[in-house]
Peer 1: 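Sharing a structure with you now.
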Amino acid sequence: QVQLVESGGGLVQAGGSLRLSCAASGSIFDINAMGWYRQAPGKQRELVAVITSGGTTTYADSVKGRFTISRDNAKNTVYLQMNSLKPEDTGVYYCNFRRVYAMDLWGKGTLVTVSS
């Protein structure tokens, strides 16, 4: 069974940068959109950014201008470049692959902690 594996989380000071990666463990041929979600302590999971198969991107207002999502279709990998990080960006970041012919795939999450 194909799984998503995230990497790149960690502890960073406010104003710093991190790059998250999420790769599928096997081949997937019906990926529509790839995205990143996050869940802060005590809050609901929220959309951070999504990129469609055609390259169209959507961002949460709170990260516009600071975060950039990109994808490598050949590698079934999605990236999230996070710059100018703020303490309110702290949370567990999950990647999501939206599929055409099957249920969505979710990663197990990677923790991002931004210190003030």
Side-chain angles (χ1 to χ4, degrees):
Q1 186 174 354
V2 178
Q3 295 181 334
L4 301 185
V5 180
E6 299 119 332
S7 61
L11 174 63
V12 65
Q13 289 188 332
S17 298
L18 285 174
R19 187 184 191 226
L20 305 183
S21 300
C22 173
S25 61
S27 297
I28 308 174
F29 301 101
D30 64 340
I31 299 173
N32 184 354
M34 297 178 176
W36 288 94
Y37 292 72
R38 69 185 179 191
Q39 187 165 16
K43 295 187 177 181
Q44 290 187 334
R45 190 175 298 188
E46 62 176 357
L47 174 69
V48 175
V50 64
I51 183 168
T52 68
S53 57
T56 300
T57 57
T58 302
Y59 296 93
D61 288 342
S62 59
V63 307
K64 284 180 180 177
R66 300 188 297 121
F67 290 11
T68 302
I69 189 171
S70 60
R71 63 190 283 174
D72 185 330
N73 291 329
K75 296 181 179 180
N76 281 341
T77 300
V78 63
Y79 306 95
L80 186 67
Q81 178 66 45
M82 304 186 294
N83 299 328
S84 302
L85 282 161
K86 303 176 181 180
E88 51 263 44
D89 294 318
T90 293
V92 179
Y93 284 68
Y94 300 89
C95 66
N96 167 267
F97 284 12
R98 193 174 305 163
R99 302 180 65 179
V100 178
Y101 301 113
M103 293 180 62
D104 287 6
L105 293 172
W106 288 90
K108 293 182 179 180
T110 184
L111 178 62
V112 172
T113 303
V114 184
S115 63
S116 57

Peer 1: Does F97 form a side-chain contact (heavy atoms from CB on, under 4.5 Å) with V78? I'd like the steps, not just the answer.
Peer 2: CA-CA 9 Å; F97 284 12; V78 63; 3.8 Å; yes
Peer 1: Same hydrophobic cluster for I51 and I31, using side-chain heavy-atom links shorter than 4.5 Å among ILVMFWY?
Peer 2: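 Yes, because I51 and I31 connect within a single hydrophobic cluster, where side-chain heavy atoms sit under 4.5 Å apart.
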Peer 1: If you look at every heavy atom in N73 and R71, which pair is closest and at what distance?
Peer 2: OD1-NE, 2.6 Å
Peer 1: Which residue pairs pass the disulfide (SG to SG under 2.5 Å) test with at least one member in residues 23-56, sequence neighbours excluded?
Peer 2: none
Peer 1: Write out all pairs satisfying side-chain hydrogen bond (donor to acceptor under 3.5 Å, both in side chains) with one or both partners inside residues 43-54, taking only residues at least two apart or from two chains.
Peer 2: R38-E46
Peer 1: What is the minimum heavy-atom distance between I69 and G35, and which atoms define it?
Peer 2: CD1-CA, 4.1 Å
Peer 1: Quick one: do K86 and D89 satisfy salt bridge (Lys or Arg N to Asp or Glu O under 4.0 Å)? Show the steps, please.
Peer 2: CA-CA 5 Å; K86 303 176 181 180; D89 294 318; over 6 Å; no
Peer 1: What heavy-atom pair brings A49 and L80 nearest, and what distance separates the two atoms?
Peer 2: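 So the minimum-distance heavy-atom pair works out to CB-CD1, 4.3 Å.
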Peer 1: State yes or no: do L85 and Y94 share one hydrophobic cluster built from I, L, V, M, F, W and Y residues joined by side-chain heavy-atom distances below 4.5 Å, directly or via other members?
Peer 2: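 Each belongs to a different hydrophobic cluster.
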Peer 1: Decide yes or no for Y59 and R66: does some side-chain heavy atom of the first lie under 4.5 Å from some side-chain heavy atom of the second?
Peer 2: no
Peer 1: My understanding is that only residues two or more places apart in sequence, or in another chain, count here; which of them pass side chain to side chain donor-acceptor pair (under 3.5 Å) with N32?
Peer 2: none
Peer 1: Check whether any side-chain heavy atom of D72 lies under 4.5 Å from a side-chain heavy atom of Y79, and answer yes or no.
Peer 2: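 Yes, their side chains come closer than 4.5 Å.
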Peer 1: Could you tabulate the donor-acceptor pairs under 3.5 Å formed by side-chain atoms of residues 98-116, not counting sequence neighbours?
Peer 2:
{"from": "R99", "atom 1": "NE", "to": "D30", "atom 2": "OD1", "distance (Å)": "2.8"}
{"from": "R99", "atom 1": "NH2", "to": "D30", "atom 2": "OD1", "distance (Å)": "3.1"}
{"from": "T110", "atom 1": "OG1", "to": "G9", "atom 2": "N", "distance (Å)": "3.3"}

Peer 1: Which hydrophobic side chains are connected to V5, either touching it within the sub-4.5 Å cutoff or through other members that do?
Peer 2: none
Peer 1: Between M34 and V63, is there a shared hydrophobic cluster once you connect ILVMFWY residues whose side-chain heavy atoms come closer than 4.5 Å?
Peer 2: yes
Peer 1: Please output the side-chain donor-acceptor pairs of residues 13-29 that fall under 3.5 Å, not counting sequence neighbours, one pair per line with the distance.
Peer 2:
{"from": "S17", "atom 1": "OG", "to": "N83", "atom 2": "OD1", "distance (Å)": "2.9"}
{"from": "S25", "atom 1": "OG", "to": "Q3", "atom 2": "N", "distance (Å)": "2.8"}
{"from": "S25", "atom 1": "OG", "to": "Q3", "atom 2": "O", "distance (Å)": "3.3"}

